[in-house]
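First the structure, in the form of structure tokens, and then the observations on it.
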Amino acid sequence: MPAHDRARSRRTTERKGDIRERAILDACEALLAQKGYDAMTVGDVAQGAGITRGALYFYFGSKQEVVTALMARTVEHLWERSRVTAQTEEPRQAIAAAMRRTVELWNEHGLVFRTAIDLSLTVPEIGELWSHTADLFITAITAVLERAGVQAGTAPDHAPAMARALCWMIERTFYHASQESHEELQRASATCEHIWLISAGMESEA
């Protein structure tokens with residue numbers, strides 16, 4: 001086979017692989033909603049993706065690996081939607097934009113996020129992924145607080161410690177609110193945004 005044909009064949013294979021992997025992850029997300037993590041099987045995921053169980057094992061070694069990859073894809077979307085404005089915009093605008101985009105992702109993929117939180121204490125790979133994601137957001141929140149004038153340092157009232165508390169407050173608040181309704185999630189987001197602005201010294205507590 002000529003070199004250019006081999007290259008074309010490799011590219012086609014890679015594209016097919018990307019499409020198939022996306023189908024596996026999409027099927028996994030749908031099954032989380034239909035059956036939940038515990039009841040879902042590898043066979044269910046393969047059937048949902050339109051492939052054999054054996055074909056699925058070419059991409060992932062277990063149900064846990066599929067779910068971990070789904071978590072990684074979803075949190076990457078969350079980070080990509082949030083990070084640019086958090087780094088570049090004026091603090092008040094950055095906070096509003098970050099909260100708005102976080103709400104959008106929780107509305108779209110709240111079940112995935114809740115599953116990640118539920119499994120983070122028992123599945124090391126998911127726990128590490130979720131902790132790493134939180135660290136990224138803590139760093140971004142810290143930067144916004146410091147741009148708003150909150151002091152850098154290690155004290156409880158300095159930007160890094162406040163950012164850590166804000167990050168985990170938002171996670172837990174969204175976790176519960178997303179189980180209620182889109183409206184409740186929006187209200188919870190407004191409260192979290194208000195607390196973030198107070199922490200940044202841009203809004204009165206009264």
Side-chain angles (χ1 to χ4, degrees), residues 1-87 98 101-140 167-168 170-172 174-176 178-179 182 185:
M1 180 186 294
H4 67 275
D5 287 341
R6 288 197 299 271
R8 185 184 304 114
S9 176
R10 283 196 299 271
R11 287 196 298 271
T12 301
T13 301
E14 289 165 359
R15 285 197 295 271
K16 285 181 179 177
D18 290 342
I19 292 169
R20 186 166 285 181
E21 184 172 323
R22 185 166 61 250
I24 292 169
L25 298 184
D26 289 345
C28 178
E29 184 164 5
L31 284 162
L32 283 175
Q34 294 167 13
K35 292 190 170 186
Y37 176 78
D38 291 335
M40 179 180 70
T41 67
V42 169
D44 293 331
V45 177
Q47 183 178 9
I51 61 175
T52 66
R53 186 187 180 104
L56 184 144
Y57 281 123
F58 180 78
Y59 298 91
F60 301 102
S62 66
K63 177 179 74 171
Q64 182 176 304
E65 284 189 15
V66 178
V67 173
T68 302
L70 174 62
M71 305 300 178
R73 182 180 74 171
T74 308
V75 298
E76 181 179 356
H77 290 166
L78 175 60
W79 175 240
E80 286 300 316
R81 287 198 193 181
S82 302
R83 69 182 178 89
V84 175
T85 52
Q87 294 170 353
R101 288 166 183 170
T102 302
V103 167
E104 289 171 359
L105 261 294
W106 273 83
N107 276 328
E108 293 170 19
H109 305 290
L111 180 59
V112 177
F113 292 133
R114 292 195 302 273
T115 303
I117 293 167
D118 290 340
L119 296 177
S120 62
L121 295 178
T122 57
V123 180
E125 294 82 0
I126 293 177
E128 182 179 346
L129 171 64
W130 197 246
S131 180
H132 174 67
T133 303
D135 286 342
L136 291 175
F137 279 95
I138 289 166
T139 299
C167 178
W168 292 114
I170 291 168
E171 183 234 52
R172 186 52 44 178
F174 275 42
Y175 177 94
H176 290 289
S178 67
Q179 297 180 77
H182 294 332
L185 184 62

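Nothing here was measured: the structure is a model prediction, and the numbers come from that model.
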_If the condition is side chain to side chain donor-acceptor pair (under 3.5 Å), which residues does H182 pass it with, not counting sequence neighbours?_
N107

*Over 12 foreign heavy atoms within 6.0 Å of CD, E128*: no

*Go through the structure and list residues passing side chain to side chain donor-acceptor pair (under 3.5 Å) with R172, not counting sequence neighbours.*
none

*Taking atom CG of L56 and atom CD1 of I51, what is their separation to the nearest 0.5 Å?*
4.5 Å

*Closest approach of A55 and R20, non-hydrogen atoms and distance?*
CB-NH1, 4.3 Å

*CD/E108 to CD/E29 distance, rounded to the nearest 0.5 angstrom?*
9.0 Å

_Tell me whether S131 contacts the main-chain N or O of G127 through its side chain, where contact means a donor paired with an acceptor under 3.5 Å._
no

_side chain to side chain donor-acceptor pair (under 3.5 Å) contacts in which one or both residues fall within residues 62-71, not counting sequence neighbours_ = Q64-E125

*asked:* I need the L111 CG to T74 OG1 distance, nearest 0.5 Å.
replied: 10.0 Å

*For V45 and A27, work out which heavy atoms get closest and say how close.*
O-CB, 3.7 Å

*Not counting sequence neighbours, which residues clear side chain to side chain donor-acceptor pair (under 3.5 Å) with T139? List them please.*
none

*Say you draw a straight line from CG of D38 to CG of L32; how long is it, rounded to the nearest 0.5 Å?*
10.5 Å

_In the structure I gave you, are the side-chain heavy atoms of Q34 and L31 within less than 4.5 Å of one another anywhere?_
yes

_Set out, in order, the CA-CA distance, both residues' side-chain angles and the distance that settles side-chain contact (heavy atoms from CB on, under 4.5 Å) for V112 and T115, then state yes or no._
CA-CA 5 Å; V112 177; T115 303; 5.7 Å; no

*Start with the C-alpha gap between E171 and F137, add the side-chain angles, then the distance that decides, and say whether side-chain contact (heavy atoms from CB on, under 4.5 Å) holds.*
CA-CA 11 Å; E171 183 234 52; F137 279 95; over 6 Å; no

*asked:* Could you measure the distance from the SG atom of C167 to the CG atom of L136? Nearest 0.5 Å is fine.
replied: 9.5 Å

*Apply side-chain contact (heavy atoms from CB on, under 4.5 Å) to R101 and E104, showing your working.*
CA-CA 5 Å; R101 288 166 183 170; E104 289 171 359; 4.1 Å; yes

*Please report the shortest heavy-atom distance between I126 and A116, naming the atom on each side.*
CG2-O, 3.5 Å

*Atom CD1 in I19, atom CD in E21: separation rounded to 0.5 Å?*
11.5 Å

*Take M71 and T133, measure what side-chain contact (heavy atoms from CB on, under 4.5 Å) needs, and give me the verdict at the end.*
CA-CA 10 Å; M71 305 300 178; T133 303; over 6 Å; no

*Those residues that, when tested against Y37, pass side chain to side chain donor-acceptor pair (under 3.5 Å) (two or more places apart)*: none

*Quick one: list whatever passes salt bridge (charged side-chain N to carboxylate O under 4.0 Å, His left out) with R114, sequence neighbours left out.*
none

*Can any side-chain N or O of Q179 pair as donor or acceptor with the backbone N or O of Y175 at less than 3.5 Å?*
yes

*W130 and F113 aromatic ring geometry - parallel, tilted or perpendicular at 30°/60° bounds*: tilted

_4.5 Å side-chain heavy-atom contact, W168 and I138_ = yes

*For the residue pair A72 and V75, what are the closest heavy atoms and their distance?*
O-CG2, 3.4 Å

_Min side-chain heavy-atom separation I170-W106 under 4.5 Å_ = no

*asked:* Looking only at the side chains, is there a donor atom on one of T41 and D44 sitting less than 3.5 Å from an acceptor on the other?
replied: yes

